[in-house]
Amino acid sequence: MELENIAAYYCLFVDTCSIMHEKANDFFYRLAPILISFKKQIIIPNKVVIEIDRLRNNMKLVTRDAAIRGATILKDYKDYNLIDVRGEKSDPFADNVFLYVFSKFRTQYNLALLTQDKSLAMDILALKKSKAVQTSRKLLVLKLKRDGSISLWKDDYSSISNTKEPYTNTSITETKKFRLGLKPIPKKNHYLKTNEVPKEGDYIDADEFGRLRLKSIIGAGGEGKIFLTDSGFACKVYSKELLTENLFQKLALMVNSKIIINGVCWPVALAKNLHKEFVGYLMPLAQGSPMQKCMFVKPLLEKKFPHWSRKNLVQLSISWLEKVVELHDMNILLGDVNPLNFLIKSDQEIFFVDTDSYQIEDFPCPVGMANFTAPDIQGKNFSTFLRTFEHEYFAIATLLFMILLPGKPPYSHQGGGDLIKNIKEGVFSYPLGEKSNKKTPDGPWRFIWSHLPYKTKEAFYKCFVNKEMLNPAQWLDLMRSYKYALENGHLDPDGESDKLFPTRFKGVSTFAKEVFGAEDIGWEKFNCDKCGKTFQLNAEQANKMRNVPRKVCKDCYQLQKMENTTGEMIFCSNCGETFLFTISEKFFFNQKGFDKPKKCKKCRENRKESNSSSILLNSKTNRPASQSNDSLWVLFKDIFKSIFE
């Protein structure tokens with residue numbers, strides 16, 4: 001947490017002795033990904049680079065090794081554009097450069113210096129004591145400890161020569177948690193005076209970030225517009241009718257908390273127009289595409305992430321949950337768990353946006369989607385009550401389900417039905433052992449569900465049916481176990497479990513047989529006589545299918561079923577009643593060269609009473625001598641129904 005705060009809010013300068021510290025590798029390679037995420041650099045005077053290069057030829061082995069180690073760090077940081085070298089060869093000593101820079105710019109920027117030199121640290125800290133210069137900007141002086149972590153230098157002006165141990169136990173203060181909300185703040189439409197809402201090209205004031213220019217619009221919605229600023233941060237500017245006292249108080253609370261979670265676009269400063277009137281907030285810039293638009297439709301998922309496997313989906317779940325755990329640890333509820341509010345760059349880079357709607361203390365989250373709303377708060381006005389962690393756990397389980405079964409809501413099932421009613425009644429149609437309502441949605445979903453680990457399926461079943469919720473930390477453990485199982489081949493023996501969209505049910509792996517004594521339940525493969533593709537049935541279904549001369553897959557069965565229940569309505573010329581001329585019958589009539597019938601089937605049968613049976617038995621085989629596709633359907637539709645429905 002400490003490094004994220006420093007990277008986000010400070011210009012970080014580094015001295016020679018810190019780069020040559022024995023634990024410098026541990027620190028700087030831990031800092032690198034944080035700098036990348038915030039698009040920041042460390043600042044080093046040119047004199048530091050020259051000094052390290054000179055010390056690489058030092059006669060003392062310890063000094064020489066430390067300088068070589070420091071030079072390697074500088075090179076790596078330069079390769080990744082994480083270092084900004086300032087100054088000329090003619091500059092004075094590095095210490096004097098630091099004192100000059102910190103004296104000149106400490107009223108304009110938040111400055112931090114990493115040094116092991118106590119004399120320099122005390123000189124820099126003494127600048128804070130100057131009564132001639134008053135500023136709201138912050139100044140930190142840090143040092144590396146023997147374990148590679150960082151701490152603050154104390155404002156200690158006692159004799160330096162008497163100090164044998166330069167390291168102290170002073171740590172950077174951790175961000176405090178929000179208190180839990182007690183009663184929702186009533187929604188008030190007390191509008192703030194706003195003379196002007198900034199637009200593209202205008203300037204805003206953003207507290208310690210200074211005056212920034214709104215360069216271009218990168219997003220727009222019902223609440224306002226989001227701009228890219230010349231600082232690299234994003235700025236949300238609200239529509240004038242939304243600028244209320246409640247909104248201002250909530251955002252001020254969020255900004256003052258100084259929460260930094262990598263990838264969470266938390267408000268870092270209030271944005272004001274040039275009249276000093278509140279108009280919005282500054283936040284880190286998000287990257288990637290909304291989850292809803294890049295993951296929840298199969299062609300889009302395969303196009304956006306063509307090389308992804310199921311391991312990537314599980315890793316994405318882990319990355320998402322880690323941020324949720326951090327937010328919950330701070331007593332923050334997302335409230336509106338909406339796949340449009342999560343931007344995906346990779347399976348390890350996910351950005352949380354629209355954080356201004358989060359539930360903070362007594363400020364409720366005023367919005368939500370029915371899909372992600374717990375049963376007991378369906379239909380309620382979200383701005384009138386405070387959500388609980390249990391409510392959030394339901395939303396978390398729902399989104400995880402929709403990540404693992406890309407885009408499929410957990411309460412979808414054959415026959416549809418009212419979504420809210422399904423949620424309230426726990427109509428979850430995915431089986432757990434013998435527990436099943438036989439309404440699992442058609443398509444790849446039953447295969448994906450089959451390939452999930454049993455504990456994961458059990459957790460979903462308990463949540464959506466029994467209302468027994470897991471917290472995000474428990475889900476995190478399950479997802480990490482799931483990833484481990486995929487990486488080590490503990491699921492399907494042929495690797496089918498790692499496919500985004502498996503095409504068959506899960507087999508039993510050698511690991512499952514050896515460790516758990518699992519038995520293969522006897523999946524059997526058949527070739528569809530109509531479309532030719534291979535399909536898979538369990539032992540019970542396979543026994544029934546063997547009795548069917550013409551074997552068809554589920555897709556062809558559904559098509560045949562549709563063909564025999566839809567078609568053209570015709571008036572019978574004999575009895576005057578209407579009858580259905582099905583698609584299947586039409587195909588048969590066309591195949592035989594017949595015109596469509598003018599009489600219903602009953603009237604045709606009465607006319608041909610002598611030939612009432614359409615099935616002629618062969619005296620030797622005691623089986624039908626000839627059968628049309630339609631008559632086969634009549635004979636075996638009950639068997640197909642017991643297999644596929």
Side-chain angles (χ1 to χ4, degrees), residues 1-87 93-95 97-98 101 111-121 124 140-154 164-172 174 260-263 319 322 326 346 348-349:
M1 184 65 73
E2 293 90 345
L3 289 181
E4 282 86 350
N5 273 287
I6 293 166
Y9 293 114
Y10 290 84
C11 298
L12 176 59
F13 293 76
V14 182
D15 193 12
T16 309
C17 48
S18 294
I19 297 175
M20 293 174 57
H21 190 274
E22 60 183 346
K23 290 292 184 179
N25 275 340
D26 293 348
F27 171 76
F28 284 101
Y29 293 123
R30 191 168 71 250
L31 176 65
I34 299 171
L35 292 173
I36 291 172
S37 68
F38 286 106
K39 297 182 178 180
K40 300 291 281 292
Q41 297 174 309
I42 61 172
I43 303 170
I44 295 181
N46 188 58
K47 278 293 184 182
V48 170
V49 178
I50 294 172
E51 182 69 6
I52 289 176
D53 188 56
R54 183 182 65 80
L55 292 174
R56 291 169 64 185
N57 298 314
N58 194 277
M59 296 297 291
K60 292 183 179 180
L61 179 62
V62 174
T63 303
R64 185 167 68 246
D65 288 347
I68 292 172
R69 183 170 58 245
T72 302
I73 293 171
L74 293 180
K75 181 182 181 302
D76 290 343
Y77 264 52
K78 183 178 180 182
D79 289 344
Y80 285 93
N81 196 30
L82 297 177
I83 187 170
D84 183 7
V85 179
R86 298 286 183 93
F93 292 113
D95 289 10
V97 172
F98 287 127
V101 170
L111 302 177
L113 171 65
L114 179 63
T115 182
Q116 307 307 112
D117 186 336
K118 187 169 185 178
S119 296
L120 175 61
I124 296 294
L140 294 179
V141 185
L142 312 158
K143 59 188 170 187
L144 282 177
K145 295 165 60 175
R146 285 173 177 161
D147 62 357
S149 62
I150 56 173
S151 64
L152 289 169
W153 280 102
K154 290 180 179 179
K164 296 181 179 179
E165 176 55 69
Y167 299 94
T168 71
N169 293 323
T170 306
S171 299
I172 295 175
E174 292 188 4
I260 301 294
I261 300 174
N262 191 21
S319 302
E322 287 173 342
E326 284 197 71
S346 72
Q348 296 187 50
E349 297 173 285

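Counting only residues at least two apart or in different chains, ring pair (Phe, Tyr, Trp, His ring centres under 6.0 Å) contacts with residues 48-72 are absent. The salt bridge (Lys or Arg N to Asp or Glu O under 4.0 Å) pairs that include a residue from residues 25-38 are Lys23-Asp26, where partners are two or more places apart or lie in different chains. Each side chain to side chain donor-acceptor pair (under 3.5 Å) pair with one or both residues in residues 56-65, not counting sequence neighbours, appears once here: Asp53-Arg56.
Not counting sequence neighbours, Gln348 has no partner by the side chain to side chain donor-acceptor pair (under 3.5 Å) test. Considering only residues two or more places apart in sequence or on other chains, Asp117 meets the side chain to side chain contact (heavy atoms under 4.5 Å, CB included) condition with Asp15, Cys17, Asp95, Thr115, Ser119, Leu120. For Lys39, there are no salt bridge (charged side-chain N to carboxylate O under 4.0 Å, His left out) partners, not counting sequence neighbours. Checked against salt bridge (charged side-chain N to carboxylate O under 4.0 Å, His left out), Asp76 has no partners two or more places apart in sequence or in another chain. Judged as a salt bridge (charged side-chain N to carboxylate O under 4.0 Å, His left out), and not counting sequence neighbours, Asp147 has no contacts. Residues passing the side chain to side chain contact (heavy atoms under 4.5 Å, CB included) test with Ser18, sequence neighbours excluded: Val14, Leu114, Gln116. Listed by chain and residue number, Tyr29, Arg69, Ile73 satisfy the side chain to side chain contact (heavy atoms under 4.5 Å, CB included) test with Asn25 (two or more places apart in sequence, or in another chain).
Residues Ile44 and Ile19 form a side-chain contact, since some pair of their non-hydrogen atoms from C-beta on lies under 4.5 Å apart.
Judged purely by atom type and a 3.5 angstrom limit, Tyr77 uses its side chain to pair as donor or acceptor with the backbone of Phe28.
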